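Since the structure is predicted, the reported quantities are computational estimates derived from the model, not experimental observations. Read the numbers this way: they start at 1 and go in the same order the structure lists the ligands and their atoms. Note that the numbering runs from 1 along the sequence shown for the chain. When reading the values below, keep in mind they use all heavy atoms of this one structure, side chains included, and skip hydrogens, waters and symmetry mates.
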Amino acid sequence: MADIHITIDGKQLSVPRDSTVMEAAEKAGIQIPKLCAHPALKPIGACRVCLVEVEKQRGLQPSCTFPVSEGMVVHTNTPAVREARRFVLELLLSDHPMDCMTCEQSGACELQDLAYEYGIKESRYPGQQHSWPEQEANPFIYRDYNKCILCRRCIRACDEINGVEAIGLIRRGWDTKVGTAYDGSLQDSPCEFCGMCMEICPTGALTPVMRAGAGRTWEMKKVTTTCPYCGVGCTLDLMVKDNKVTSAQSNWDGAANKGWTCVKGRFGWDYVHNEERLTTPLIKKDGEFVEATWDEALDLVADKFVEIAQQNGPDALAFLSSAKCTNEENYLVQKMARGLFGTNNVDHCARL
Ligand code: SF4
Ligand code: SF4
Ligand code: SF4
Ligand code: FES
């Protein structure tokens, strides 16, 4: 299908026919504020912070859901647009704890960023505020729905990305909140603790338990790595402070996983700093394990391999590799077994 032609903030663009106004604007380098929209999710037009002026349309339109059409002229930053966004933000903040000083999300909060951009220190619409109990019964995700803006990104991520539907909107009207069936704990729901809801939440409503008090986002170094747990090879961004892993974030460009990860990749990082973790090889001497150098350990293993093969033949040996190794490492293991020792006793296990 041929592209169509539109004008956004005076820029003439040629964009795919099925684009939304927000997608077309982003393609042209024009950023429109958003809270409920996310590139990994289908747009629903829930928050209204992305309103823009579309010529010949009555009223402002949500750019994340509004489709482009031939000849369309859009203005994304007029006084009317900015005033409408400001109004939306103030309504959201009228029921928000404004707890940025101690909030774990501060510095990485999309709501905070927009309040800063629009110069909002307090809401002109003070009124009733929610006082939901904070929920931290599970060891992974800290849930504070007082900071929730009901954007439903978490619900859509659980459904559209993870395919689990553990959470949804419960109750009605003012009492509407995100929750599991019967508002129980995540453990008692189908939740798999993939953490995608937390990753995609634009505010501090969902944060990693293990990261509480570990430091501010701007103090952390982002280290892109491959998850060591299984053979899928998911790409992850580790947030590291003082050489300590504080959390794992989605890497949306990850070739194998496109941002998704399982519970182990998302939360299973405390072992890295476990004091009981072996950091040097151990060799048994006089019935006791003692620390050895890598050269000592590898020489011992090589000698034993040769000794067993000479005494009992190559099929007395078996080689177990691991799905956690790279393809190249696994190739070398079978090459050593078959080429060097002459046995086909080769296998692997994802749990090794
Ligand atoms: S969620 Fe965002 S706006 Fe709300 S207190 Fe935390 S940092 Fe501040
Ligand atoms: S952790 Fe994953 S499975 Fe559990 S509610 Fe969040 S998105 Fe759904
Ligand atoms: S918990 Fe976060 S992602 Fe879910 S609706 Fe609330 S603000 Fe949005
Ligand atoms: S980002 Fe468009 S309505 Fe929320």
Number the atoms of ligand 2 from 1 as they appear, then name those within less than 4.0 Å of a heavy atom of [X], with their elements.
X: Ile141; answer: 1 (S)
X: Asn162; answer: 2 (Fe), 3 (S)
X: Gly195; answer: 1 (S), 2 (Fe)

Which residue owns the protein heavy atom closest to atom 6 (Fe) of ligand 2, what's the atom, and how far is it? Cys197 SG, 2.3 Å
What protein heavy atom sits nearest atom 3 (S) of ligand 4, and how far away is it?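 The protein heavy atom lying closest is Arg48 N, 3.2 Å.
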Would one find an N, O or S atom of Cys158, in either backbone or side chain, under 2.8 Å from atom 4 (Fe) of ligand 2? no
For ligand 4, which atoms sit closer than 4.0 Å to a heavy atom of Lys34?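 Those atoms are 1 (S).
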Parallel, tilted or perpendicular for Trp252 and His38, by the 30°/60° rule? tilted
Check whether Tyr271 forms a cation-pi arrangement with Arg277 (NZ or CZ under 6.0 Å from the six-membered ring centre, at most 45° off the ring normal). no
As a test of understanding, state which of Asp183, Asp95, Asp144 forms a salt bridge (Lys or Arg N to Asp or Glu O under 4.0 Å) with Lys177.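 So the option named by the test is Asp183.
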Quick test of your reading of the structure: of Ala166, Cys201, Cys194, whose heavy atom lies closest to atom 2 (Fe) of ligand 2? Cys194
Select one of side chain, backbone, both or neither to describe which atoms of Thr65 lie under 4.0 Å from any atom of ligand 4, heavy atoms only.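 Near ligand 4, Thr65 shows nothing, with every heavy atom at 4.0 Å or more.
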So which bit of Ala46 gets within less than 4.0 Å of ligand 4, heavy atoms only: side chain, backbone, both or neither?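 Backbone only.
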At a 4.0 Å cut-off, with the gap strictly under it, does some heavy atom of Ala157 reach an atom of ligand 2?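 Judged by the 4.0 Å heavy-atom criterion, Ala157 does not count as contacting ligand 2.
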Distance from Trp132 atom CH2 to Asn146 atom CG, nearest 0.5 Å?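 Interatomic distance, Trp132 CH2 to Asn146 CG, rounded to 0.5 Å: 8.5 Å.
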